[in-house]
Amino acid sequence: MTYFGQPQIKVKFAAMASDSIPYIGSQQIEDVLTYKDLIPALEMALADFSSGPDGGVVQPLRSSVPVKNRDGVFLSMPGYSRNQNGLACKVVTIFPRNENTPHPVIQATIILSDANNGSMKAVIEGNTVTALRTAAASAVATKYLAPDGTKILAILGAGVQAKAHLDALRYVHRYSEVRVWNRTHARAEAFAAKYGCKACKTAQEAVKDADVIATVTGTSTPILQSEWVKDGAHINCVGAPMPDQQELDPVLVRRSVIYADSRESAVNESGDVIIAKAEVFGEIGEVIAGKLKARKNETTIFKSLGMAIEDVVAAKLVFDKVHGTSTSLL
Ligand code: NDP
C-alpha cells in the first residue's frame with residue numbers, strides 16, 4: 001500500500017481509533033484553562049515564534065476555501081510547537097448569512113494531534129480557546145509594555161473579547177479603576193454591573209488618563225482618537241483584522257511604538273498599520289526573548305491579529321488539564 005508516495009509506510013487504519021476521540025467543549029475549557037497557566041505558555045510561544053528556526057515553531061500561512069454560493073469561508077490554521085510539544089490545526093468557518101439564525105457566524109474547532117506519533121488526541125471547541133488565548137497574548141504584551149505605576153484600565157467594546165481581556169489584564173495588573181465603553185451603552189452598563197467596573201457614555205471619557213486600553217470591537221472605522229490618549233499609555237488593538245478596517249486614529253498609530261504578534265501579519269493584514277502608513281517596531285516575542293527593547297514609557301500599541309501557534313499551545317494545555325497529563329516542557 002502507498003501513502004502520500006511513501007511505499008514503505010503501511011497504514012494501520014485501525015490504530016486511529018476515531019470512535020474514542022474525546023470532544024472538549026466550551027464549559028470544560030473554561031473550567032480548566034486558567035490565565036495562570038495560559039499566560040506563561042503564550043509568553044513562551046510568542047518568544048519561540050519570533051526566534052526563527054531556533055524557536056521550533058512551524059506555522060504555515062492560513063489557507064482559505066471560499067464557499068461562494070453561501071458567502072462563506074472555511075479557514076485552516078495548522079501549527080507545531082517543538083518546545084511545548086503541541087501539534088494542532090484550527091478550522092474556522094465564517095458564514096455571515098448565519099446572522100439571526102441558530103448557527104453562529106464564526107465557528108471554530110481545533111483538532112489536537114499527539115506531537116510524538118501524530119495520532120489524534122482530541123477535538124476541542126475553538127471559539128472559547130480563541131477568546132482566552134487572544135486575551136492572554138494581550139496580557140503578555142501588557143506585562144512588558146504598560147507604563148510603570150499602571151492604575152487605570154479602559155476597555156472599548158463589551159463582547160466576548162472584552163470579558164476575556166478584563167480577566168486576563170486583571171491577572172497582570174491590579175487596577176484602581178476599570179472603565180468600559182460600548183457602542184450600545186446598555187451593554188456597557190450590563191457588563192460593568194456584572195464584572196465590577198464603570199460604564200462610560202463616551203470612549204473619550206473611558207480612556208481619559210488610562211494607562212492600559214484594550215480596543216476589542218467589530219468596528220471598521222476608528223473609535224479611538226489620538227488626542228484622548230495620554231502619552232505613555234499602552235493599547236492592545238485586537239479588532240479590525242482586515243487591511244481595510246481600522247480601530248485607531250492613524251495619528252495615534254503613527255505617534256506610537258508598534259509591536260505586533262507577527263510583523264508579517266501586521267504589515268499585510270492590519271488596516272490600522274497599512275492605512276496609517278506606520279512602521280512596525282518589532283514583535284512582542286522579540287521583547288520577551290530579550291532581543292528588542294520594551295519602550296514602556298512611550299505610547300505603545302500591541303497589534304494583535306492572532307496566530308495558529310497560540311491555538312496550539314492553548315489546546316495542548318486544555319487537553320493536559322482535562323486528562324491530568326503532564327504539561328512539562330520537553
Ligand atoms: P463580539 O461580537 O462578542 O463583540 C463585538 C463588540 O464590538 C461589541 O461590543 C459591539 O458592540 C462592538 N461593535 C461592533 N461593531 C461596532 C462598530 N461599528 N462600532 C463600535 N463598536 C462595534 O466580538 P468579539 O469580542 O469576539 O471580537 C471583537 C473583535 O476582536 C473583532 O473585531 C474580532 O475580529 C477581533 N478578534 C481578534 C482576534 C485576534 O486574535 N486578534 C481573535 C478573535 C477576535 P455592540 O454591543 O454595540 O454590538
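Just so you know, these numbers use all the heavy atoms, side chains as well, and skip hydrogens, waters and symmetry mates.
Here N98 contributes atom CG and I106 contributes atom CD1; the two are 10.5 Å apart, rounded to the nearest 0.5 Å.
Hydrophobic clustering keeps L248 apart from V212 (ILVMFWY residues linked when any side-chain heavy atoms are closer than 4.5 Å, directly or through intermediates). One hydrophobic cluster, built from ILVMFWY side chains closer than 4.5 Å, holds both V172 and I288. Linking ILVMFWY residues whenever their side-chain heavy atoms come closer than 4.5 Å, directly or via other members, places V257 and V287 in the same cluster. Grouping the Ile, Leu, Val, Met, Phe, Trp and Tyr side chains by contacts below 4.5 angstrom, directly or via other members, places L156 apart from L145. No continuous path of hydrophobic side-chain contacts links L132 to L166 [ILVMFWY only; heavy atoms under 4.5 Å].
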Practice task
Using the side chain to side chain donor-acceptor pair (under 3.5 Å) rule, take Q27 and D31 through it: C-alpha gap first, then chi angles, then the decisive distance, then the call.
Solution key: CA-CA 6 Å; Q27 188 57 55; D31 289 347; 3.0 Å; yes
Problem - K163/V160 under side chain to side chain contact (heavy atoms under 4.5 Å, CB included): CA gap, chis, key distance, verdict - result: CA-CA 6 Å; K163 169 62 170 66; V160 172; over 6 Å; no
Exercise for the section: Start with the C-alpha distance between T109 and E125, add both sets of side-chain angles, then the distance that settles side chain to side chain contact (heavy atoms under 4.5 Å, CB included), and finish with yes or no. Expected result: CA-CA 5 Å; T109 308; E125 196 277 325; over 6 Å; no
Exercise for the section: Applying side chain to side chain donor-acceptor pair (under 3.5 Å), run through Y144 and E43 and close with a yes or a no. Expected result: CA-CA 10 Å; Y144 285 90; E43 189 166 346; 2.5 Å; yes
Practice task
Start with the C-alpha gap between E247 and T217, add the side-chain angles, then the distance that decides, and say whether side chain to side chain donor-acceptor pair (under 3.5 Å) holds.
Solution key: CA-CA 8 Å; E247 272 194 316; T217 72; 2.8 Å; yes
Handout entry: Criterion side chain to side chain contact (heavy atoms under 4.5 Å, CB included) on K201 and H185, from CA distance to verdict
Key = CA-CA 7 Å; K201 286 212 167 111; H185 185 61; 3.9 Å; yes
Exercise for the section: Check the pair D37 / T34 against side chain to side chain donor-acceptor pair (under 3.5 Å), numbers first and verdict last. Expected result: CA-CA 6 Å; D37 296 319; T34 63; 3.0 Å; yes
Practice task
Could you give me the CA-CA distance, side-chain angles and deciding distance for C237 and F302, then say whether side chain to side chain contact (heavy atoms under 4.5 Å, CB included) is met?
Solution key: CA-CA 6 Å; C237 177; F302 172 56; over 6 Å; no
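Not one N or O on the side chain of E30 forms a donor-acceptor pair closer than 3.5 Å with the backbone of L33. Remark: the backbone N or O of P147 is paired with a side-chain donor or acceptor of T150 at under 3.5 angstrom. The closest donor-acceptor contact from the side chain of S262 to the backbone of S265 lies under 3.5 Å. The backbone N or O of M120 sits nowhere less than 3.5 Å from a side-chain atom of S113 that would complete a donor-acceptor pair. Proximity of a side-chain donor or acceptor of S51 to a complementary backbone N or O of D54 within less than 3.5 Å is not detected.
A240 and D272 get closest at one heavy-atom pair: CB-OD2, 3.7 Å. Across every non-hydrogen atom of Q161 and A131, the tightest pair is NE2-CA, 3.5 Å. Closest of all the heavy-atom pairs between Q84 and A41 is NE2-O, 2.8 Å. Shown here for A154 and A210, the closest heavy-atom pair between the two residues is CB-CB, 4.0 Å. Contact record, V280 with A260: CG1-CB, 4.1 Å, taken as the closest heavy-atom pair.
A donor-acceptor contact closer than 3.5 angstrom is absent between the side chains of N83 and S81. One side chain, R255 or S226, offers a donor N or O that lies under 3.5 Å from an acceptor on the other. Side-chain atoms of S256 and T300 form no donor-acceptor pair, as typed in the model, at a separation below 3.5 Å. In the model, K90 has a side-chain atom that pairs as donor or acceptor with a side-chain atom of T130 under 3.5 Å. With hydrogens and angles left out, the side-chain atoms of N236 and H234 include a donor and acceptor closer than 3.5 Å.
Around CZ of R70, the count of heavy atoms belonging to other residues, nucleotides or ligands within 6.0 Å does not exceed 12. Annotation: E99, atom CD; neighbour count of heavy atoms from other residues, nucleotides and ligands within 6.0 Å does not exceed 12. Residue Q225 qualifies as enclosed at atom CD: its count of foreign heavy atoms under 6.0 Å is above 12. For K296, the NZ atom is densely surrounded, since the number of other residues' heavy atoms within 6.0 Å is greater than 12.
K230 and D211 are joined by a salt bridge, as a carboxylate oxygen and a charged side-chain nitrogen come within less than 4.0 angstrom of each other. Under a 4.0 Å N-O distance rule, the pair E205/R179 does not qualify as a salt bridge. Using a cutoff of 4.0 Å between basic side-chain nitrogens and carboxylate oxygens, D261 and K303 are not scored as salt-bridged. Between E286 and K291, no side-chain nitrogen of the basic residue sits less than 4.0 Å from a carboxylate oxygen of the acidic one, so the salt-bridge criterion is not met.
Residue pairs meeting the ring-ring contact (aromatic ring centres under 6.0 Å, His included) criterion with at least one partner in residues 60-114, sequence neighbours excluded, do not occur; the list is empty. The ring-ring contact (aromatic ring centres under 6.0 Å, His included) analysis of residues 254-300, with sequence neighbours excluded, yields the pairs Y259-F281.
Of the residues L46, L42, L292, T142, the one that meets the side-chain contact (heavy atoms from CB on, under 4.5 Å) test with I284 is L46.
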